[in-house]
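Just the heavy atoms: all of them, side chains too, but no hydrogens, waters or symmetry mates, feed the values below.
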Amino acid sequence: MTGPTDFPEPPGMGPPPNEGLIALKDRLPLGIALLALAVAIAALVVAVGDSDSDDEGDAPEATATTSAPLATTPAPMPTTTIGTVQTLPPTPTTAADQQIVTATTVPEVEVEDGAAQRLIFAVVGIGYDSTLNVRDEPGGQIVAKLDSTDTGVVPTGTIQVVTGVSWHEVHAAGVVGWVSGEYVTPLGATVDATTEIAGRLGETPSAANLAALGRTVAGAVASDEPESRVRISGEPTVGELSEVTMDVVGQPDDSIRGFRLHIFATRNSDGTFTLRNVEGTMMCYIERGVNAQGICN
């Protein structure tokens, strides 16, 4: 036997007649609420559909609230005031092939009449059997060559610093190009340095040839710290009055960069050479310049 709850419900039996109406009456407010919600959702869809899709992602997302009605017009896009924008230079890099570039100007010299005169460069620190390359850009193609003692190299005032080397744009050899600042500099006054050189050496020097005599004389002014770059910049010439030019670049001085020594010698009967006199020309630093009297600033 089974219990009474196992019997199926007799056919025709159902809820009392008024029970369905009561349930419908109870559900009517819920239906009205759902209808109102559907209308609100439709209005929101219409508002979003009217926005400018081109601005997607440029504006902050909107948030819905229950305390205020939806806006009927889209909020204005934020604008940037040009006057408050700063353009910053790119971050320097130490990659070997990266050029770190800065710009500056070459100092000008005040002459006696008050007019400004731009510095003139000379080629320095290069052997007489070599040349200084003029390039179309820093480290670029060679467009001209300058002799080891060329003067009259006119800078334009534009400088590029590439991996620690200053390159100067110049007018030289009929072209406008770039030269390394390691090998050009303004020259100052020329003075007779014979007595000073002999005093430093303790004697009037002699040597087997002009190159050796030149190195001896240059050694009297060369520096160990910083180490001077010593070059025979003017070809040794043997004659009634023999001569050789030596460049000594690098001095422990923040004003004088070096010296160009024009050395004159007499040839002895045994073929050796003895110093006769020395003309010394000061090399000045480009960034400091030289004054109207030819003294390095």
Side-chain angles (χ1 to χ4, degrees), residues 109 111-112 117 119-132 146-154 172 182-224 226-268 271-286 288-297:
V109 179
V111 295
E112 292 182 358
Q117 177 180 324
L119 291 176
I120 304 300
F121 294 162
V123 178
V124 297
I126 291 182
Y128 70 89
D129 55 352
S130 186
T131 56
L132 175 62
L146 302 178
D147 290 337
S148 59
T149 56
D150 270 354
T151 57
V153 179
V154 182
E182 295 292 314
Y183 302 102
V184 291
T185 201
L187 297 180
T190 299
V191 299
D192 190 320
T194 309
T195 302
E196 182 176 358
I197 293 295
R200 292 189 179 190
L201 294 174
E203 61 178 354
T204 299
S206 296
N209 54 63
L210 285 174
L213 180 62
R215 292 190 182 94
T216 298
V217 172
V221 297
S223 167
D224 292 328
E227 183 178 0
S228 297
R229 183 169 77 246
V230 180
R231 296 289 186 273
I232 303 175
S233 58
E235 183 176 7
T237 303
V238 177
E240 184 177 350
L241 186 62
S242 301
E243 58 186 279
V244 63
T245 302
M246 304 293 298
D247 280 0
V248 182
V249 183
Q251 292 289 302
D253 191 292
D254 62 357
S255 179
I256 298 174
R257 182 180 180 185
F259 297 95
R260 170 162 287 174
L261 305 174
H262 197 184
I263 301 164
F264 298 90
T266 56
R267 188 177 187 182
N268 305 315
T272 62
F273 295 85
T274 299
L275 177 66
R276 178 172 177 176
N277 65 290
V278 181
E279 294 177 352
T281 302
M282 290 181 289
M283 299 176 185
C284 304
Y285 287 99
I286 294 174
R288 294 180 63 91
V290 54
N291 66 22
Q293 288 72 43
I295 306 300
C296 298
N297 293 323

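Panel note: side chain Arg267, backbone Ser242; no donor-acceptor pair is recorded below 3.5 Å. Looking only at distances, no side-chain donor or acceptor of Thr245 sits under 3.5 Å from a matching main-chain atom of His262. Side-chain atoms of Thr194 come within 3.5 Å of backbone N or O of Val278 as a donor-acceptor pair. Checked by atom type and distance alone, the side chain of Asp253 pairs as donor or acceptor with a backbone atom of Ser255 at under 3.5 Å. Side chain of Arg229 to backbone of Val249: no donor-acceptor contact under 3.5 angstrom is found.
Scored by the side-chain hydrogen bond (donor to acceptor under 3.5 Å, both in side chains) test, Gln251 finds no partners at all (sequence neighbours excluded). Here Asn268 pairs with Thr272, Thr274 under the side-chain hydrogen bond (donor to acceptor under 3.5 Å, both in side chains) rule; sequence neighbours left out. Residues that satisfy the side-chain hydrogen bond (donor to acceptor under 3.5 Å, both in side chains) test with Thr281, not counting sequence neighbours, are Thr190. Judged as a salt bridge (charged side-chain N to carboxylate O under 4.0 Å, His left out), and not counting sequence neighbours, Arg276 has no contacts. Val191 meets the side chain to side chain contact (heavy atoms under 4.5 Å, CB included) test with no other residue; sequence neighbours excluded. By the salt bridge (charged side-chain N to carboxylate O under 4.0 Å, His left out) test, Glu235 pairs with no residue at all, sequence neighbours left out. With sequence neighbours excluded, the residues satisfying salt bridge (charged side-chain N to carboxylate O under 4.0 Å, His left out) with Arg260 are Asp247.
Within the structure, the side chain to side chain donor-acceptor pair (under 3.5 Å) test picks out no pair touching residues 209-224 (sequence neighbours left out). Sorted by first and then second residue, the pairs that involve residues 184-198 and meet salt bridge (charged side-chain N to carboxylate O under 4.0 Å, His left out), not counting sequence neighbours, are Glu196-Arg200. Within the structure, ring-ring contact (aromatic ring centres under 6.0 Å, His included) contacts touching residues 227-253 (residues at least two apart or in different chains) do not occur.
Across all non-hydrogen atoms, the minimal contact from Gly250 to Ser228 is O-OG, 2.6 Å. Scanning both residues, Val238 and Phe273, for their nearest heavy atoms gives CG2-CZ, 4.0 Å. Nearest approach of Leu241 to Ala265, heavy atoms of both residues: CD1-O, 3.7 Å. Of all non-hydrogen atoms in Cys284 and Gly289, the two that sit nearest each other are CB-O, 3.7 Å. Residues Pro186 and Val290 come closest through the heavy atom pair CB-CG1, 4.4 Å. Residue Ser233 comes nearest to Thr149 through the heavy atom pair O-CG2, 3.4 Å, listed as atom of the first residue, atom of the second, then distance.
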#### Entry: From CA spacing to verdict: side chain to side chain contact (heavy atoms under 4.5 Å, CB included), Met283, Leu187
CA-CA 5 Å; Met283 299 176 185; Leu187 297 180; 3.9 Å; yes
### Task
Might you work through the side chain to side chain contact (heavy atoms under 4.5 Å, CB included) test for Val153 and Leu146, ending with a clear yes or no?
CA-CA 9 Å; Val153 179; Leu146 302 178; 3.9 Å; yes
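One finds the CD1 atom of Ile256 at 10.5 Å from the CZ atom of Arg288 (value rounded to the nearest 0.5 Å). Atom CG in Leu275 sits 8.0 Å away from atom OG in Ser206 (nearest 0.5 Å). The distance from the CD1 atom of Ile197 to the CG atom of Leu261 is 6.0 Å, given to the nearest 0.5 Å.
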Which pairs of donor and acceptor atoms, one on a side chain in residues 120-132, lie under 3.5 Å apart (sequence neighbours left out)?
none

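Phe259 has its side chain out of reach of Met246: every pair of non-hydrogen atoms, C-beta onward, lies at least 4.5 Å apart.
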